[in-house]
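Report on one structure; see the data block that follows.
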There are 4 protein chains.
Amino acid sequence: MSPKIVDRDKKRAEILHAAMKVFAAQGIHNFRMIDIAVEAGVGKGTLYEYFPSKDDLIISCFHQFFEDYQAHAEQVQTRPDDPADKIRQFIKLSFDFFRDQKERLDIVFDLYAAGLPRRNGRPLLDGMDDAYRGLIAEVEAMITDGIERKIFRPVNARLAASQLLALLDGLTFQAAMGVTNLSDKSLPDEISQTFLNGILS
Amino acid sequence: MSPKIVDRDKKRAEILHAAMKVFAAQGIHNFRMIDIAVEAGVGKGTLYEYFPSKDDLIISCFHQFFEDYQAHAEQVQTRPDDPADKIRQFIKLSFDFFRDQKERLDIVFDLYAAGLPRRNGRPLLDGMDDAYRGLIAEVEAMITDGIERKIFRPVNARLAASQLLALLDGLTFQAAMGVTNLSDKSLPDEISQTFLNGILS
Amino acid sequence: MSPKIVDRDKKRAEILHAAMKVFAAQGIHNFRMIDIAVEAGVGKGTLYEYFPSKDDLIISCFHQFFEDYQAHAEQVQTRPDDPADKIRQFIKLSFDFFRDQKERLDIVFDLYAAGLPRRNGRPLLDGMDDAYRGLIAEVEAMITDGIERKIFRPVNARLAASQLLALLDGLTFQAAMGVTNLSDKSLPDEISQTFLNGILS
Amino acid sequence: MSPKIVDRDKKRAEILHAAMKVFAAQGIHNFRMIDIAVEAGVGKGTLYEYFPSKDDLIISCFHQFFEDYQAHAEQVQTRPDDPADKIRQFIKLSFDFFRDQKERLDIVFDLYAAGLPRRNGRPLLDGMDDAYRGLIAEVEAMITDGIERKIFRPVNARLAASQLLALLDGLTFQAAMGVTNLSDKSLPDEISQTFLNGILS
DNA sequence: CATGAATGAGCCTTCATTCAT
DNA sequence: TATGAATGAAGGCTCATTCAT
C-alpha cells in the first residue's frame with residue numbers, strides 16, 4: 001500500500017544535469033543514452049521513465065537552460081533607472097551567467113545550431129527565434145528609452161539592440177572556442193564602454 | 001594537369017557543392033551519404049572515390065568554405081589606406097559573402113558548432129580556433145594602425161578586434177535564425193558607424 | 001479454506017478475467033503485463049504474486065478456458081440415450097458456449113495457435129493435442145454406439161468424430177473472423193441435420 | 001558502369017522461403033530477424049533491402065501463401081461438370097496443397113490467427129476475411145448449381161459452403177496439431193463421401 | 001501483501017562502408 | 001572508374017521482472 005516514494009522532480013533534474021555534462025563533453029550529436037545513464041548513475045531504462053525519447057531529453061535540456069537564464073536575469077530585480085546603467089548591467093549579467101559554468105558555455109552553441117531553421121523538416125529545438133526576438137525587444141526598449149531621454153543618439157534602436165546581442169553571442173562563441181577569455185574581469189566594462197560610446201550622444 | 005585530373009577535380013567540386021546543399025537543408029548532423037549521392041547525381045560508392053569517409057567530406061566542405069571566404073576577401077585587393085575605411089570595407093566584405101547565398105548562411109553555424117573544442121575527443125573540425133585567431137590578428141592590425149595614427153582612441157586593440165568579429169558572427173547567427181535581415185542595404189553602414197563611433201578619437 | 005485463501009482465489013480469478021479481456025482486445029502476442037494490471041485494477045507487481053511469469057498467466061488462462069468449457073459441458077447432465085440426439089446436443093452445447101461471449105471467441109484461435117507443436121522448442125500451451133484427442137474419443141464413442149445400434153451407417157467412427165469437431169472448430173474460426181454468425185438460431189439444427197444425414201443409415 | 005547485377009525477385013523469394021521455414025519452426029510471434037537472415041544465408045541488413053520491416057515480411061509471407069494456394073487451385077483447369085465431382089475435386093485439391101508441405105501446415109494457423117480482427121487496432125494481416133468470403137462464394141456457387149440441377153437437396157447453399165470450408169480448416173488444424181493425418185490416402189474420399197451424403201438428394 | 005520505480009537484456013532498424021561486377 | 005547490393009556494428013527503445021518501501 002505504500003510503494004517506493006521517489007522525488008520525481010529531483011531525479012529528473014539530476015538526469016538533466018548529467019545530460020548537460022555529457023553534452024558538454026561530447027556534443028548533443030554524438031552522445032549515447034547509455035552515457036547519460038552512466039553519468040546520472042541510473043539504468044538506461046530509467047531515462048525513459050522521465051523523458052519519452054532522446055530528442056525530448058535534448059529539448060528539455062534546452063528549456064532548462066532558458067529557464068535558468070531567465071531566473072538569473074530576474075534575480076537582478078533592482079534595475080537602475082539610467083538607460084546606460086541598464087545596458088551595463090545587462091551586459092554584466094550575461095557575462096555572469098556563463099563565467100563560472102564552462103559546462104553551459106560548451107553546450108550553448110550546440111543548442112543554438114540545433115535551433116536554426118531547416119529547409120527540410122523542423123529543427124530539433126523549436127521556438128528559439130521567438131525567444132530571441134523577445135530578448136531583442138527588451139534591449140530595444142532600453143535603448144529607445146535612452147534616445148527619448150536624449151541620453152543616446154537617435155540611432156536605429158532595433159538595430160542597435162541586435163548589435164548588442166550579436167556582440168554578446170559572438171563573444172560567447174569566441175569564449176567557447178577558447179579564443180576569448182570571459183573571466184577577464186575588465187571585459188564587461190570595456191565592452192560596455194565601446195558599445196555605449198557608439199550610441200551615446 | 002591531364003584531362004583526367006581536371007575531371008576528378010571538377011567532380012569533386014560538384015560533390016562538395018551537392019554536400020553544401022544537403023547540409024543547408026538537413027544540417028551536418030542529420031544527412032546520410034545517400035542524400036549527397038542523390039543530390040550530386042552519382043552512386044553512393046563514388047563518394048568514397050573522392051572522400052575517404054563521411055567525416056572527411058564534412059571537413060572538406062569546411063575547408064572549401066574557408067577557401068571561398070579567403071578568395072572573396074582577396075578579390076578586394078585595393079584596400080584603402082585609411083584605417084576606418086579599412087574597417088568599413090572589412091565589414092562590407094563580410095556581409096557580401098553571405099548576402100546572396102542563403103545556402104552558406106544555413107551551414108555556417110553547423111560548422112561553427114562542429115569546430116568547438118570537446119572535453120572528450122577531437123572536435124569534428126580541427127583548427128577552427130587558429131583560423132579565427134588569424135582573423136582577429138588581421139583586424140587587430142588595422143585597429144593598432146589606427147591608434148598609432150591617432151585616428152582611433154587608444155583602446156585595447158585585441159579586444160576591439162574581438163568585438164568586431166563577435167558582432168559580425170552574432171549578426172550572421174541572427175540572420176541564420178531569420179531574426180535579422182542581412183539584405184538590408186543600410187546594414188553595413190550602420191554597423192560600421194556604431195562600431196567606429198565606439199573607437200574613434 | 002481460510003478467508004485469506006478465498007480472497008486470493010477471488011483476486012486470481014479477477015486477474016484471469018481481466019487477462020481474457022485484454023487477450024480479446026489485443027491478442028495474446030501483443031499485450032503487455034501493464035495492460036492486464038490496469039484492466040484488473042492492480043499494480044504490475046501484484047500480477048507476479050499470483051502468476052510466476054507472463055507465459056504462466058497465458059497458460060493459466062488457457063486452463064481456465066478449458067475448465068469453463070468442461071463445466072459448461074457437464075452442466076448438461078441428462079444426456080439423451082439416442083446417439084443422434086447426443087450428437088445434436090453436443091453440437092448445440094458447443095454453439096452455446098461461444099454464442100454470448102464474443103470475448104471468448106476472440107481468444108480461442110490465439111490459444112489454438114499457441115498450442116500447436118513447434119519444431120524448435122515447446123509450444124506455449126502444452127497438452128492441447130491430448131485434450132483434443134480426449135474430445136475426439138468422446139464423440140467417437142457416441143458414433144460407435146450409433147453404429148452398433150444400426151442407427152448410423154458403418155462409417156469410420158474415428159474419422160467421423162474428427163470431422164464433426166473439425167466442422168465446429170472451423171465454424172468457430174469463421175465466426176471469429178466475422179464471416180459466419182453463430183447467433184443464427186437455426187445454425188445448430190442445420191449443422192446437425194447435414195452432418196447426421198451424412199452418417200445416418 | 002556495370003554494377004553488381006542481382007535477381008532481386010529470386011532473392012526476395014529465397015528470403016520468403018527462409019522466412020517460411022523459420023515461421024514453421026518458431027511461429028510468427030517468436031522469431032528474430034537474425035534467424036531469417038541466417039536461414040537465408042544473408043546479412044541482417046539485407047532483409048531490409050527487400051522488406052521494409054519485420055511486419056511487412058510476415059505480411060508478404062502471407063500473400064505468398066495465398067498466391068501459391070491460388071496458383072495451385074488454378075493449375076487444375078479441367079474442372080468437371082458434375083457438381084458433386086466439383087466438390088470432390090475441391091476437397092482433394094485442398095488436401096493436396098498441404099499434404100507434402102509440413103512447413104506450410106505449421107504456419108497456416110499462425111497466419112489465420114494473425115488475420116483475425118482485433119477490437120484494438122488493426123490485425124497484423126488485413127483482408128483475410130474478404131479472401132475467405134471469396135472462397136465461400138466459390139463453393140456456394142458449386143452447391144447452388146447442384147441444387148438447381150436437382151443433384152443436391154435444397155439446402156442452404158451459403159451455409160453448406162461454410163460447413164465444407166469449416167470442415168477443411170478444422171481438419172487442417174487437427175493435422176497441424178498432429179491429431180489427424182492428412183497423408184491418409186482415403187481421407188479426401190471419405191470426407192467427400194460424408195459431406196455429399198449430407199446434401200445429396 | 002501491494003506497489004510501481006528501476007533495471008537491463010534483447011531486438012529492430014539504420015546507415016557508413018566495402019567490394020564484386 | 002562507377003556502381004549499388006550487401007553487410008554488420010551500433011544504438012534507441014521496450015517491457016518482463018525485481019525489490020525496496
Side-chain angles (χ1 to χ4, degrees), chain A residues 1-8 11-12 15 30-38 40-57, chain B residues 4 7-8 11 30-38 40-58, chain C residues 4 7-8 11 30-38 40-58, chain D residues 1-8 11-12 15 30-38 40-57:
Chain A
M1 284 301 176
S2 63
K4 209 187 294 189
I5 298 291
V6 174
D7 187 336
R8 285 189 70 85
K11 183 158 261 180
R12 206 189 114 102
I15 292 176
N30 269 94
F31 74 97
R32 292 165 299 150
M33 289 302 265
I34 185 68
D35 296 330
I36 291 179
V38 168
V42 301
K44 216 175 354 141
T46 305
L47 300 182
Y48 289 87
E49 296 284 327
Y50 293 86
F51 304 93
S53 73
K54 192 187 190 190
D55 277 1
D56 250 281
L57 202 153
Chain B
K4 268 190 278 179
D7 280 347
R8 271 193 77 79
K11 185 163 258 182
N30 268 92
F31 75 97
R32 292 165 298 150
M33 290 300 265
I34 183 70
D35 297 329
I36 291 178
V38 167
V42 301
K44 229 178 330 157
T46 306
L47 300 180
Y48 288 85
E49 298 287 328
Y50 293 86
F51 303 93
S53 76
K54 191 187 191 189
D55 278 0
D56 255 283
L57 202 157
I58 298 173
Chain C
K4 269 189 280 182
D7 281 347
R8 272 194 74 82
K11 185 163 259 181
N30 268 90
F31 75 98
R32 292 164 301 149
M33 289 300 264
I34 184 68
D35 298 328
I36 291 177
V38 167
V42 301
K44 230 181 327 159
T46 306
L47 299 181
Y48 288 84
E49 298 286 330
Y50 294 85
F51 304 93
S53 75
K54 192 187 191 189
D55 279 0
D56 255 283
L57 202 157
I58 298 172
Chain D
M1 287 299 173
S2 62
K4 208 188 294 190
I5 298 291
V6 174
D7 187 337
R8 286 189 69 85
K11 184 160 260 182
R12 205 189 116 101
I15 292 175
N30 269 93
F31 75 97
R32 291 164 301 149
M33 289 301 266
I34 185 67
D35 296 329
I36 291 178
V38 167
V42 302
K44 216 168 3 134
T46 305
L47 300 182
Y48 289 85
E49 297 283 327
Y50 293 87
F51 303 92
S53 73
K54 192 187 190 189
D55 277 0
D56 250 281
L57 181 51

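Throughout, a chain's letter reflects where its sequence line sits, starting with A, and its residues are numbered from 1.
D:Asp7 places its CG atom 15 Å from the P atom of E:dT21, with the value rounded to the nearest Å. Going from atom CD1 of C:Ile34 over to atom C1' of F:dT18 covers 15 Å, rounded to whole Å. Between the CZ atom of D:Phe31 and the C1' atom of E:dG10 there is a distance of 15 Å, rounded to whole Å. Distance CG (C:Asp56) to P (F:dA16): 14 Å, rounded to an integer number of Å. In this structure, CD1 of B:Ile36 is placed 12 Å from P of E:dT17, rounded to the nearest angstrom. The nearest whole Å value for the distance from the CG atom in A:Asn30 to the C1' atom in F:dG12 is 15 Å.
Remark on DNA chain F: of its neighbouring residues A:Ser53 and D:Gly45, the 5'-side contact belongs to D:Gly45, judged by nearest-heavy-atom nucleotide. Place C:Val42 and A:Gly43 on DNA chain E by their nearest nucleotides, and C:Val42 ends up nearer the 5' end. The nearest heavy atom of DNA chain F to B:Leu47 and to C:Asp55 marks one nucleotide each, and the one closer to the 5' end goes with B:Leu47.
The side-chain contact (heavy atoms from CB on, under 4.5 Å) check on A:Asn30 picks up nothing, with sequence neighbours excluded. Partners of D:Arg12 by side chain to side chain donor-acceptor pair (under 3.5 Å), not counting sequence neighbours: none found. Residues that satisfy the ring-ring contact (aromatic ring centres under 6.0 Å, His included) test with D:Phe31, not counting sequence neighbours, are D:Phe23.
D:Glu49 and D:Arg8 get closest at one heavy-atom pair: O-NH2, 2.7 Å. Heavy-atom minimum distance, B:Asp56 versus B:Phe51: O-CD2, 4.5 Å. Contact between C:Leu47 and C:Met33 at its shortest, heavy atoms only, is CD1-O, 3.3 Å. Across D:Ile15 and D:Tyr50, no two heavy atoms sit closer than the pair CD1-CD1, 3.7 Å.
Nucleic acid contact for C:Phe51: none, since no nucleic acid atom lies under 4.0 Å from a heavy atom of the residue. In this structure, A:Lys44 reaches the bases: a heavy-atom distance under 4.0 Å links it to at least one base atom across the strands shown.
If you check F:dT1, E:dA6, F:dT7 against the side chain of B:Glu49, the one that comes closest is F:dT1. Distances were taken from every side-chain heavy atom of A:Arg32 (C-beta onward) to each of F:dG11, F:dA6, E:dT13; the shortest belongs to F:dG11. Between E:dA5, E:dC12, F:dT17, one nucleotide has an atom nearer to the side chain of D:Lys54 than all others, and that is E:dC12. With E:dA5, F:dA5, F:dG12 as the choices, the nucleotide that has an atom nearest any side-chain atom of A:Met33 turns out to be F:dG12. Distance from the side chain of B:Tyr48 is smallest to E:dA16 among E:dA16, E:dT7, F:dA16.
Between A:Tyr50 and E:dA5 there is no side-chain N or O to OP1 or OP2 distance below 4.0 Å.
Remark: DNA chain F forms stems of 3 or more consecutive Watson-Crick or G-U wobble pairs, all pair distances under 3.5 Å, at E:2-21 with F:2-21.
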